[in-house]
Amino acid sequence: MKQSGAETDTESYCLIEDQDGGQQEVFMTESVRSRPGVVSRLIVSCGDPGLARDYLVSLDDKTEPQPRAAAVQCVTPETFIAATSQRQIYSDEVVVFLDRHITGRTLSVFAGLRQLASASPFTCLLVVPSLLNHLSPDRIDEIQQILNQLRESICASGVLIILRTGFVLSASSSIARRIDGLRGFRRLLLPQLTTTFVDGAKLFLVINEELDRVQTEKASGSSTAKASARQLTLLGTRRSWRSVFSDSASSGIRSKSGSVAVTLLVCAGVPWLLYWGVRLLSLVVPSVRQLQFETLRPRSVHEMISLYNRHNCGDVQLAGYNNGVNHFGWKFPEKTVVQTTRLPGKTQLSDVSILDLETRIRNLGIAAAAEEDSNAPATPGGTHFTVDAGLTLNHCIRELNKFNREFYVVPNYSWISMGTLYFVPVHGSGSHVSTLGDTIEDVLFYDGDDEQFILTRRGDAMFRDSMYNTSRHRLLLRLTLRVKPKSAYFVRQETMESPSAEDIQRVLDDIEASHVEIRKNRASSPSIDVFRYYVDSAADGVGTLEIPRDSIGRVWDRLEETPIVSNLFHWFVRTFAFHVELFLKSDEFVVFWKHHQTLPISKIQLRRVLRDGITHSACANENCISADLFMTRSNRDVFLRFVATHLPNVRSNPGKQSL
Ligand SMILES: Cc1cc2nc3c(=O)[nH]c(=O)nc-3n(C[C@H](O)[C@H](O)[C@H](O)COP(=O)(O)OP(=O)(O)OC[C@H]3O[C@@H](n4cnc5c(N)ncnc54)[C@H](O)[C@@H]3O)c2cc1C
């Protein structure tokens with residue numbers, strides 16, 4: 001039992017759920033409660049007694065940072081229910097370890113919590129071992145409905161913290177015990193079967209930090225501590241079931257006959273059956289999804305922020321449309337990808353800069369400002385386009401076109417999220433504006449580490465330093481981009497034979513053309529194709545282009561529109577191709593061009609990227625040439641050796657495959 005040094009207190013002790021029963025129940029008395037500086041904490045184990053016990057033991061561990069609570073009790077749900085009904089109990093803090101399923105006992109505990117709340121305000125922290133609200137967002141899980149009701153009673157005067165978790169691994173947690181019993185079957189689990197596991201020590205630390213934070217806020221008289229609700233998710237680290245079973249197995253000795261049977265099952269292909277069984281079953285049974293998932297797709301900003309809290313943002317990999325994973329094969333072995341493209345999104349075209357957004361947020365609050373924005377009529381002659389980050393560029397191009405507006409520049413492929421534009425230099429072949437990032441005027445993001453909304457605008461040091469910087473835990477929510485009246489284009493194509501690096505530079509420096517790009521279909525070929533696009537001011541409709549891109553560029557968007565073809569296309573590229581884009585400074589381009597015909601590159605596309613002065617940009621201080629290179633995966637090593645030898649400092653596009 002935990003006691004805090006000098007505060008050792010005979011009136012506070014714990015009752016652990018005990019199979020033999022026969023516990024004596026004594027509660028903290030008024031004397032404890034009224035003692036200055038003593039915070040009482042009640043632990044109720046309502047589903048996972050082992051976990052509750054481990055938490056209590058951790059509170060006794062002098063090597064861990066100690067929470068403020070000095071008087072701690074752990075009780076069974078029955079004791080808690082009985083005591084609350086007789087109004088015999090009080091506590092400053094109550095921590096309830098819940099089960100994944102709602103039982104009559106859970107409902108009684110919730111009734112007890114309501115009873116307690118009606119007597120005096122307290123801080124209630126509920127540990128809910130279920131991610132169903134994230135994995136099955138179309139239906140509210142039963143526990144969430146009850147939590148919503150509880151929120152109303154507790155938050156009238158106290159603080160409610162709902163902490164959802166992945167599977168918790170601690171010495172006696174229920175999942176750890178179950179795994180321990182099945183450890184001999186670990187070879188039946190494929191390494192691909194992964195989910196998220198929370199280390200018990202981490203969970204306990206988070207509980208203590210959250211409760212201590214409320215105490216600190218209360219002590220400082222902060223208004224947020226008075227009556228509030230906070231919902232956060234602790235996914236934990238992504239791990240394969242197999243590795244978790246192996247950790248558990250290191251201590252065990254299995255019978256020989258058992259391991260022979262498992263070997264036979266492995267030979268019969270049972271691991272694959274099990275894997276596909278879980279995957280297929282999870283399509284129809286939502287509760288199975290927690291056994292195997294890699295990606296979450298939140299449906300509201302509220303849900304998104306509950307995932308991107310200070311304790312969890314390190315285990316989350318934010319994604320836009322998720323081409324990084326799907327097309328380029330990025331891997332985040334220990335993290336969970338959280339996609340932003342399912343978030344509800346709105347666009348607004350405005351005649352003036354949206355730089356007054358901050359003032360409106362300050363005056364009205366974020367929700368009211370967003371509401372006001374969405375109700376405002378779109379202005380047909382707008383110069384600024386404000387969009388929610390989860391929308392796709394494809395959608396925004398079509399929205400703008402309705403008002404006869406367009407972006408200054410567009411890439412060949414528009415199935416990209418708008419939020420990505422701040423983190424990846426998404427570019428086309430514009431001679432005057434290179435990247436969509438160059439047209440971003442302001443952004444609103446949420447800092448996961450500080451749990452704060454930040455609005456920053458072009459010209460601010462924060463804007464300059466955070467653009468193209470993915471090392472910080474920042475979730476982009478909204479952005480404003482400059483837009484222009486829609487143009488029509490026509491193209492002039494020419495073929496050049498054996499151009500020098502200087503010839504190429506001259507072609508790309510042509511500012512008469514609105515867009516310039518160069519293609520070479522095989523590195524060894526002596527000729528290049530040059531495409532120069534001009535604004536068609538006559539716009540008589542004959543041979544005019546809506547978007548300045550060639551026939552190959554137009555293919556990518558079409559492929560994405562057909563799900564089967566798009567899935568095959570992405571699978572092919574991530575499995576067999578190496579698609580990298582170099583941002584070459586002038587001297588680096590000379591080296592690249594001198595050697596490129598000897599390299600096993602299948603396709604080269606060259607475009608100009610102008611200097612942007614952004615701290616983390618490859619083109620921060622000088623114009624670059626972007627060399628978009630496509631080759632088969634088998635040629636990757638030859639190419640990487642060339643880069644390491646001849647272009648050791650070259651930067652690449654962080655939105656594609658990395659060097
Ligand atoms: C077929 C094809 C053609 C392409 N052609 C071009 C081209 O012509 N020009 C060009 O420039 N590029 C091109 N690309 C590359 C493309 O621009 C990048 O791959 C881009 O990153 C894809 O966008 P996404 O939304 O899928 O990004 P994701 O892979 O989902 O994310 C990219 C990065 O942005 C971050 N991010 C995204 N949204 C947010 C958010 N809301 N908050 C915080 N971080 C966020 C992610 O964490 C990640 O680091 C092409 C890609 C493909 C597949």
Side-chain angles (χ1 to χ4, degrees), residues 323-324 327-331 411-412 423-430 434-435 437-438 467-471 496 498-509 516-530 573-574 576-659:
N323 280 295
H327 187 81
F328 295 106
W330 296 355
K331 297 235 183 309
N412 281 334
F423 296 97
V424 171
V426 176
H427 64 94
S429 53
S434 322
T435 65
D438 290 343
M467 194 172 195
Y468 305 144
N469 179 4
T470 47
S471 67
M496 288 174 77
S498 306
S500 65
E502 290 71 31
D503 294 334
I504 302 267
Q505 300 260 18
R506 265 195 299 279
V507 169
L508 292 173
D509 285 341
V516 182
E517 65 185 26
I518 296 171
R519 278 188 192 270
K520 197 174 202 203
N521 285 336
R522 255 179 310 112
S524 56
S525 157
S527 62
I528 58 164
D529 291 320
V530 178
V573 174
R574 73 171 177 264
F576 299 109
F578 181 56
H579 189 173
V580 68
E581 182 174 352
L582 304 181
F583 288 128
L584 298 147
K585 301 194 170 82
S586 294
D587 51 335
E588 290 171 329
F589 183 69
V590 172
V591 174
F592 170 76
W593 201 246
K594 182 173 160 207
H595 293 270
H596 80 279
Q597 284 182 298
T598 63
L599 295 170
I601 302 173
S602 316
K603 183 217 85 173
I604 301 177
Q605 186 179 8
L606 303 175
R607 288 172 280 186
R608 167 67 77 212
V609 180
L610 298 169
R611 186 177 84 86
D612 57 20
I614 296 294
T615 314
H616 294 276
S617 164
C619 311
N621 303 316
E622 62 180 282
N623 293 348
C624 299
I625 293 181
S626 112
D628 196 30
L629 311 172
F630 190 91
M631 63 201 85
T632 56
R633 196 158 272 248
S634 54
N635 287 319
R636 180 177 173 269
D637 290 346
V638 175
F639 177 76
L640 290 184
R641 272 200 297 277
F642 161 77
V643 170
T645 314
H646 297 280
L647 300 167
N649 300 318
V650 75
R651 300 268 301 267
S652 64
N653 186 333
K656 301 197 174 173
Q657 273 162 338
S658 46
L659 289 174

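Only a predicted model underlies this, so the values are computations on that prediction, with no experimental measurement involved.
Here the straight-line distance linking atom CZ of Arg651 with atom SG of Cys624 works out to 9.0 Å at 0.5 Å rounding.
The side-chain heavy atoms of Gln605 and Asn412, taken from C-beta on, include a pair separated by under 4.5 Å. Between Leu508 and Asn623 the shortest side-chain heavy-atom distance does not fall below 4.5 Å. The shortest side-chain heavy-atom distance between Leu606 and Ile528 does not fall under the 4.5 Å cut-off. Within the 4.5 Å cutoff, the side chain of Ile518 has no heavy atoms near those of the Met496 side chain. Looking at Phe642 and Ile601, their side chains never come closer than 4.5 Å, going by heavy atoms from C-beta outward. Considering only heavy atoms from C-beta on, Asn323 stays 4.5 Å or farther from Trp330 through its side chain.
In this structure a side-chain-to-backbone donor-acceptor pair under 3.5 Å is present from Gln597 to Ser525.
The heavy-atom pair separating Leu610 from Cys619 by the smallest distance is O-CB, 4.0 Å. Nearest heavy-atom pair across Lys520 and Trp593 is CD-CH2, 4.2 Å. Nearest heavy-atom pair, Ile604 versus Phe592, reported as atom, atom and distance to 0.1 Å: CD1-CZ, 4.3 Å. The shortest heavy-atom contact between Pro654 and Phe423 is CG-O, 4.3 Å. Taking every heavy atom of both residues into account, Phe639 and Leu629 meet most closely at CZ-CD1, 3.5 Å. Ser429 and Arg607 get closest at one heavy-atom pair: CB-CD, 3.7 Å.
Residues His646 and Lys594 bring no donor and acceptor atom of their side chains to less than 3.5 Å of each other.
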When you look at Asp509 and Arg506, which way does the salt bridge (charged side-chain N to carboxylate O under 4.0 Å, His left out) test go after all the steps?
CA-CA 5 Å; Asp509 285 341; Arg506 265 195 299 279; over 6 Å; no

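By the 6.0 Å contact criterion, CG on Asn621 is open, its count of non-hydrogen atoms from other residues, nucleotides or ligands being 12 or less.
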Considering only distance and modelled atom types, tabulate donor-acceptor pairs under 3.5 Å from the side chains of residues 583-591, sequence neighbours left out.
from: Glu588; atom 1: OE1; to: Lys585; atom 2: N; distance (Å): 2.9

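Counting only residues at least two apart or on different chains, the side chain to side chain donor-acceptor pair (under 3.5 Å) pairs with a member in residues 625-636 are His579-Asp628, Glu581-Ser626, Lys603-Asp628, Asp628-Lys656, Thr632-Ser634, Thr632-Asn635.
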